**Student:** 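Sharing a structure with you now.
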Amino acid sequence: MSDTPDHKFSAPEMRVPDKPGLENIEARWIETWDRIGINSFDRSAQRDNIFSIDTPPPSVSGSLHMGQVFSYTHTDAVARFWRMRGKSVFYPMGWDDNGLPTERRVQNYFGVSCDPTVPFDPSFTPPFNGDVPKGHRNTAISRPNFIQLCEQLTSQDEKIFEVLFRRLGLSVDWSLLYTTIGDRARRTSQQGFLNNLARGEAYPQEAPTLWDVDFGTAVAQAELEDRERPGAYHSIAFARGDGNGDVIIETTRPELIAACVALVAHPDDPRYSSLIGQTVRTPLFDVEVPVLSHQLAQIDKGTGIAMVCTFGDLTDVIWWRELNLPARVIIGRDGRILADAPEAMGSASARDAYSQIAGKTVKQAQTICVDMLRASGSLRGEPRAITHQVKFYERGERPLEIVSSRQWYIRNGGRDYALRTAFIQRGTELTWHPDFMEHRYDNWIEGLNGDWLISRQRFFGVPIPLWYRIGANGQPDYESPLLPDSKQLPIDPSSDVPNGFDESQRGRSGGFIGDPDVMDTWATSSLTPQIAGHWIDDENLFSRVFPMDMRPQAHEIIRTWLFSTVVRSHYEHGVVPWRNAALSGWMLDPNHQKMSKSKGNIVTPADLFDRYGSDAVRYWATSARPGVDTAFSEDQMKVGRKLATKLLNLSKFVIGLDDADASAIPRQPIDVAMLHRLARVVSESTQALEDFDYARALERTEEFFWWFCDDYVEMVKTRAYEGMKDSASATTSLHRALNTMQRLFAPMLPFVTEEVWSWWQADSIHQNQWPSTGELLADIAELGDYEELLTTVGEVLSQIRRAKTEGKTSQRTAVEYLKISATEDQLELINSCMHDLRNAGGLDEVETVTHDQNAITVQVRLAPTSRS
RNA sequence: GGGCGCUUAGCUCAGUUGGUUAGAGCAUCUCUUUUACAAGGAGAGGGUCGGGGGUUCGAAUCCCUCAGCGCCCACCA
């Protein structure tokens, strides 16, 4: 320690305060850590001496919430552990400001909206600054200008996040900060896409896709969620083409009859076998459609025969594709019924019926159709109300529709069995914490029903970096896109110009046009290891940190963030992007509900830091087992604060003892046994942390700590005071144990451990070596069964205490006479510690008796107490 | 419908290859304040370990089964 330069760590003068306290210790140590740079990543370190973390970039719209405090603390405990193990820890922070939440905030704050067709204005200033008047119609601005505003606005939030994360004690190297809409992220994202395109892993396709009619964009399977919605079964009669009566189908979407292209029944369903191959005519619209068979038709569902529409749900898409049906689309991208009726509707009455619903929303059209069906007699009985699961975009407000559109995809195994198997195999190359989380990964991949749709018809985000030639016919040539050079990235095809063209040719015949779409936010987030590790611009650094050691994240985004990162890394580097995936649980409110603003059960982190201290909040977070959903608990923070206070007081006591002979060797059995027990704790804690189980490490250390305070210290403190011949054994053992315990607690309680460390050591505890059993036990003798010794002596002490409590007297009361009955072996152990036992119990005369029973019995005669 | 997790004291939870009498914290009650700590300390009460069956000398722990809660996924005419 003496070789640490003084200028690096200027702890307050090494002394123990008279009245130690936890007030304001955070600010002092945050300042010191910053100054001496204890969290700085050492770029010269070799890969095997680096621990790298693919930190989840929090979305910075809004404020830090306790769920983030919860999970980020877990990662930090692991980071601090590895730093003490001598690793150079690559622990970056990123801000996720590329996405809808940021886009919305910028629109509302500045009164602007992004329009890629507007030219970039270098001298642009926003019309408003958070004071947008009601009724203002947003000013359309270019995408580069919009991105500037995003960066400007989010930087304010990011500052607040940084302050809170520092207060929490995250040992992030802030010089490694990135943002997901920043230049480097856009470059990485676009280069990654171009590489996927060059290798054939990304491809465009015109196909039916799930579509959010409010956002006006396609969405990916991973962004769907089911919601309970009221609906109704409608029994509807289709006239048979041969004139032999009706076929009754059941549907929840009668408004789609105009989009009906077939009926389908199961091939083994005898009720319809004679009908297969025949035709029927749709009610109202009088279109002739075939009756076909397909395995996916369910015999026991409805009437067993289903109406196929283009497109009502994903099964319709399968039928449409596999049965080679025509497309008869009636829903537009705005969620309204198209103005023009499908060509198949020939009759005037059909066209008239269609004109009733044209331009209406889906909901309005349904009401109208049901009325018309009822009037025409095609509706059999009344609609029967049900509730059913309907697919929504997770951020959307109306059910998804399916529209046909041209989109970009990345192959993820959803349409390729071999590839799917390869990705499941990649999952086995990761070590999962907890291990059962791997099932969710496998489960997701096995359920994929298509490739990953990455294009979005939005205006803000990382643009698809392509242009298309416009032919003489005025149509874009999508077959051979114009690519940018890697050096040009990031580009925005809406304002940048492809090589060999100039801006005047934009949108003209013989000229070019930019791809209008942006990429899904996950298409960029799936490259966080590459972004954080500077894949695009610092090959040397990237080779030192990638594949990363750890990906911490929440379990509900295994299907999105985790899986998509594996996909990109598989393609780009042929490896899994990390060695370990650490999945954190959710923080629940005290009633085990998911916390949410609408329930009003949100507590702000800053308030808790003020009331309990950062270490106490961290104690709550790190006492939750990895991956387990955990209730928010201020009680647990109180316990954490108690622990921190106790550590202050114990440290004050132990450091304050004379330790004249620093080279003294622990010799007394109780001292040696205590150190052996502690060595076991070191061993278990180390193992636990290597396995990402900070909670077990904390629990083991804490359990030992309280035993140490309550029993061991009570027994040896008199001897330590005395200055007798065995005093040195006690003081050196106390020092050694305290030194070790402080370091064991350091990853979870960084502030209080640094505080007490500073009272007697010259450097930062966080730059110290993690304790080892070797250093604890190197110079002390083997001891047979140290646990037997400690429990036996502990039992005697406990019985003496109980006698005093039952005698309703102070623990200080002397014991006139004590008779211990135990086996010969037990008495030998007890006698070896009798000196300490006498001190702790206030014993006078002691008699020992051997017996054969296993149980130790103790008779206690208390000295008379003088009550004044 | 498939998968995963959970179910242990009033509450929140430990209990890691099966092993004395199942533990901790909080809460409750009793006792205890001049030498590290009252934001302390010493103790007490409180549990048929979700139900049933099995394996074993021995099961909270392993197997089977049932139930409840939660999550992920699929289906959803």
Side-chain angles (χ1 to χ4, degrees), chain A residues 16 19-22 221 224 226 231 233-236 249-254 256 263-265 296-298 301-309 312-316 319 386 388-391 434 436-449 555-556 558-559 585-586 588 590 592 594 623-625 627-631 633-636 638-657 684 687-688 691 693 695-696 699-700 702-703 706 709-710 713-714 717-718 721 797-798 800-813 854-855:
Chain A
V16 182
K19 191 78 182 160
L22 296 169
Q221 184 185 359
L224 307 183
D226 289 341
Y233 279 124
H234 302 74
S235 295
I236 293 167
I249 61 107
E250 289 206 335
T251 180
T252 55
R253 300 205 59 184
L256 288 177
L263 299 188
V264 63
L296 281 180
Q298 292 186 31
K301 199 109 189 181
T303 57
I305 188 162
M307 166 174 87
V308 184
C309 306
D313 61 29
L314 292 172
T315 318
D316 282 344
W319 284 328
I386 54 159
H388 59 162
Q389 303 283 334
V390 181
K391 281 194 196 311
F436 62 80
M437 290 292 181
E438 186 173 359
H439 292 292
R440 302 213 177 171
Y441 175 87
D442 294 345
N443 217 309
W444 172 251
I445 295 176
E446 282 158 7
L448 286 171
N449 55 28
H555 56 66
E556 80 270 23
I558 288 174
R559 67 178 187 172
W586 282 336
L588 307 172
H592 284 216
K594 230 182 143 176
S623 45
R625 306 222 91 79
V628 174
D629 294 347
T630 303
S633 164
E634 291 196 32
D635 279 348
Q636 202 56 5
K638 288 177 191 163
V639 175
R641 186 167 179 90
K642 227 173 84 169
L643 173 64
T645 303
K646 190 81 174 176
L647 186 57
L648 289 177
N649 284 312
L650 177 75
S651 298
K652 178 187 166 198
F653 167 67
V654 172
I655 296 168
L657 291 169
E684 289 177 347
Q687 180 63 52
D691 202 29
D693 193 344
R696 176 181 299 281
E699 186 224 329
R700 287 303 146 100
E702 192 187 4
E703 183 189 23
W706 287 108
C709 289
D710 296 342
V713 171
E714 288 305 315
K717 73 182 187 185
T718 311
Y721 277 137
L797 185 64
S798 164
I800 295 169
R801 285 169 170 170
R802 191 177 303 130
K804 290 179 181 177
T805 296
E806 281 165 4
K808 296 200 180 247
T809 182
S810 162
Q811 290 295 324
R812 295 183 185 286
T813 307
N854 198 31

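Protein chains get the first letters and strands the later ones, always in sequence-line order, with residue 1 at the start of each. Small disclaimer: the values here were computed from a predicted structure and weren't measured.
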**Student:** Between Asp442(A) (side chain only) and His439(A) (backbone N and O only), is there a donor and an acceptor less than 3.5 Å apart?
**Tutor:**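 Not confirmed, Asp442(A) side chain does not pair with His439(A) backbone.
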
**Student:** By the 4.0 Å heavy-atom rule, please label Leu650(A) as base, sugar-phosphate, or nothing.
**Tutor:**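 Base, at least one base atom sits under 4.0 Å.
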
**Student:** Pick the nucleotide of RNA chain B nearest each of Thr252(A) and Lys652(A); which residue has the one closer to the 5' end?
**Tutor:**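 Of the two residues, Lys652(A) wins.
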
**Student:** Is there a donor and acceptor pair closer than 3.5 Å between the side chain of Asn449(A) and the base of rC73(B)?
**Tutor:**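 Under the 3.5 Å cut-off, the side chain and the base do not form any donor-acceptor pair.
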
**Student:** Considering only atom P, compute the distance from rC64(B) to rU55(B) and round it to an integer number of Å.
**Tutor:**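 Between the two P atoms, the distance is 15 Å.
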
**Student:** Scan Ser651(A) against the nucleic acid and name what it touches under 4.0 Å (heavy atoms): base, sugar-phosphate only, or nothing.
**Tutor:**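 Answer is nothing: Ser651(A) stays at 4.0 Å or more from every strand.
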
**Student:** Starting from C1' on rG41(B), measure out to CD on Glu714(A) and report it in whole angstrom.
**Tutor:**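 Nearest whole value for this atom pair: 8 Å.
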
**Student:** Output the single nucleotide from rG43(B), rC26(B), rG41(B) whose closest atom is nearest the side chain of Ser798(A).
**Tutor:** rG43(B)

**Student:** Does Arg802(A) make a side-chain N or O approach to OP1 or OP2 of rA44(B) shorter than 4.0 Å?
**Tutor:** yes

**Student:** By the definition ring-ring contact (aromatic ring centres under 6.0 Å, His included), identify the one residue from Phe436(A), Trp444(A), Trp586(A) that meets it with His555(A).
**Tutor:**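 Among Phe436(A), Trp444(A), Trp586(A), the one that satisfies the ring-ring contact (aromatic ring centres under 6.0 Å, His included) with His555(A) is Trp586(A).
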
**Student:** If I pick the C1' atom on rA14(B) and the same atom on rG40(B), what distance separates them, to the nearest angstrom?
**Tutor:** 25 Å

**Student:** May I ask you to decide if Leu224(A)'s main-chain N or O and Lys391(A)'s side chain share a donor-acceptor pair within less than 3.5 Å?
**Tutor:**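 Answer holds: no.
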
**Student:** Scan Lys638(A) against the nucleic acid and name what it touches under 4.0 Å (heavy atoms): base, sugar-phosphate only, or nothing.
**Tutor:**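 Nothing, no heavy atom under 4.0 Å.
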
**Student:** With sugar-phosphate meaning primed atoms plus P, OP1 and OP2, does Gln298(A) contact a base, only sugar-phosphate, or nothing at under 4.0 Å between heavy atoms?
**Tutor:** base

**Student:** Which value, rounded to the nearest 0.5 Å, describes the distance between Leu650(A) atom CG and Thr645(A) atom OG1?
**Tutor:** 12.5 Å

**Student:** Taking the side chain of Trp444(A) as its heavy atoms from C-beta onward, which of rC73(B), rA42(B), rA39(B) lies nearest to it?
**Tutor:**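 Nearest to the side-chain atoms of Trp444(A), counting from C-beta on, is rC73(B).
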
**Student:** Can you measure Leu314(A) atom CG to rC75(B) atom C1' for me and round it to whole angstrom units?
**Tutor:** 11 Å

**Student:** Under 4.0 Å between any heavy atoms, over every strand shown, what does Asp313(A) touch: base, sugar-phosphate, or nothing? Just pick one.
**Tutor:** sugar-phosphate

**Student:** Is it true that a side-chain atom of Gln811(A) and a backbone atom of Lys804(A) form a donor plus acceptor pair closer than 3.5 Å?
**Tutor:** no

**Student:** Check the distance between rG3(B)'s P and Asp442(A)'s CG and give it to me in whole angstrom.
**Tutor:** 13 Å

**Student:** Does a side-chain N or O from Lys19(A) land closer than 4.0 Å to OP1 or OP2 of rC37(B), or not?
**Tutor:**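 For rC37(B), neither OP1 nor OP2 has a side-chain N or O of Lys19(A) closer than 4.0 Å.
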
**Student:** Of the listed nucleotides (rC71(B), rG41(B), rG5(B)), which one gets closest to any side-chain atom of Trp586(A)?
**Tutor:**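 Of all the options, the side chain of Trp586(A) is nearest to rC71(B).
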
**Student:** Mind checking if Gln221(A) touches a base, just sugar-phosphate, or nothing, with heavy atoms under 4.0 Å?
**Tutor:** sugar-phosphate

**Student:** If you look at every strand shown and take non-hydrogen atoms under 4.0 Å, does Cys709(A) touch a base, only sugar-phosphate, or nothing?
**Tutor:** base

**Student:** Considering every strand and a 4.0 Å limit on heavy-atom distances, what is the contact class for Ala624(A): base, sugar-phosphate, or nothing?
**Tutor:** nothing

**Student:** Any side-chain N or O of Arg559(A) less than 4.0 Å from the OP1 or OP2 oxygen of rC72(B)?
**Tutor:** no

**Student:** In whole Å, what is the span from the CD atom of Gln389(A) to the P atom of rG1(B)?
**Tutor:** 14 Å

**Student:** In whole angstrom, give me the gap between the P atoms of rA59(B) and rC13(B).
**Tutor:** 28 Å

**Student:** Write down the distance separating the P atoms in rU48(B) and rC11(B), rounded off to the nearest Å.
**Tutor:**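 Each nucleotide's P atom is 13 Å from the other's.
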
**Student:** Counting Watson-Crick and G-U wobble pairs only, both distances under 3.5 Å, name the nucleotide matched with rA60(B), or none.
**Tutor:** none

**Student:** Measuring only the C1' atom in each nucleotide, how far is rG68(B) from rC29(B)? A whole number of Å is fine.
**Tutor:** 34 Å

**Student:** Counting any heavy atom closer than 4.0 Å, what does Glu699(A) reach on the DNA or RNA strands: base, sugar-phosphate only, or nothing?
**Tutor:** sugar-phosphate

**Student:** Say whether, by atom type as modelled, one donor and one acceptor occur between the side chain of Asp313(A) and the main chain of Thr315(A) under 3.5 angstrom.
**Tutor:**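 Pair found, side chain donor or acceptor close to backbone of Thr315(A).
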
**Student:** For the C1' atoms, the ones on rG50(B) and on rG70(B), what distance do you get once it is rounded to whole angstrom?
**Tutor:** 15 Å

**Student:** Grab the two heavy atoms, one from Trp319(A) and one from Leu296(A), that are nearest each other, plus how far apart they are.
**Tutor:**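 Closest heavy-atom pair between Trp319(A) and Leu296(A): NE1-CB, 3.7 Å.
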
**Student:** Base, sugar-phosphate, or nothing for Asp635(A), non-hydrogen atoms under 4.0 angstrom?
**Tutor:**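 Sugar-phosphate contact only.
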
**Student:** Return whichever of Asp629(A) or Arg440(A) has its heavy-atom-nearest nucleotide of RNA chain B closer to the 5' end.
**Tutor:** Asp629(A)

**Student:** Does Arg440(A) reach the side chain of Arg559(A), with side-chain heavy atoms less than 4.5 Å apart?
**Tutor:** no

**Student:** May I ask you to say what Val713(A) touches in the nucleic acid, namely base, sugar-phosphate or nothing, with a heavy-atom cut-off under 4.0 Å?
**Tutor:**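 Base: the residue Val713(A), judged by heavy atoms under 4.0 Å, touches a nucleobase.
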
**Student:** Categorize Lys301(A) for me: base, sugar-phosphate, or nothing, with a 4.0 angstrom heavy-atom threshold over every strand shown.
**Tutor:** base

**Student:** Taking atom C1' of rC6(B) as reference, at what distance in whole Å does atom CG of Leu588(A) sit?
**Tutor:** 12 Å

**Student:** Answer yes or no: does a side-chain N or O of Lys642(A) lie under 4.0 Å from OP1 or OP2 of rC26(B)?
**Tutor:** yes

**Student:** Rounded to the nearest 0.5 Å, how far apart are NZ of Lys19(A) and CG of Leu648(A)?
**Tutor:** 11.0 Å

**Student:** Would you indicate what Arg253(A) reaches in the nucleic acid, counting non-hydrogen atoms under 4.0 angstrom: base, sugar-phosphate, or nothing?
**Tutor:**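 If one applies the 4.0 Å heavy-atom cut-off, Arg253(A) turns out to touch nothing in the nucleic acid.
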
**Student:** Please measure how far the P atom in rC31(B) lies from the corresponding atom in rC69(B), and state the result in whole Å.
**Tutor:** 45 Å

**Student:** What integer distance in Å separates Arg625(A):CZ from rC6(B):P?
**Tutor:**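 Going from CZ in Arg625(A) over to P in rC6(B) covers 12 Å.
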
**Student:** Whole angstrom is fine here: how far is it from CD in Gln811(A) over to P in rC31(B)?
**Tutor:** 14 Å

**Student:** For Asp710(A), answer base if it contacts any base atom (sugar-phosphate contacts may also be present), sugar-phosphate if it contacts only those atoms, and nothing otherwise; contact means non-hydrogen atoms under 4.0 Å.
**Tutor:** sugar-phosphate

**Student:** Any strand counts, and the cut-off is 3.5 Å on both contacts for Watson-Crick or G-U wobble. Which nucleotide pairs with rC26(B)?
**Tutor:** rG10(B)

**Student:** Counting only Watson-Crick pairs (N1-N3 plus N6-O4 or O6-N4) and G-U wobbles (N1-O2, O6-N3), all under 3.5 Å, who is the partner of rC4(B)?
**Tutor:**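 Its partner is rG70(B) (Watson-Crick or G-U wobble, both distances under 3.5 Å).
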
**Student:** For rC4(B) versus rC62(B), give the span between their P atoms, rounded off to a whole number of Å.
**Tutor:**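 Rounded to whole Å, the distance is 15 Å.
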
**Student:** Could you tell me the separation between the CG atom of Leu256(A) and the P atom of rC76(B), rounded to a whole number of Å?
**Tutor:** 15 Å

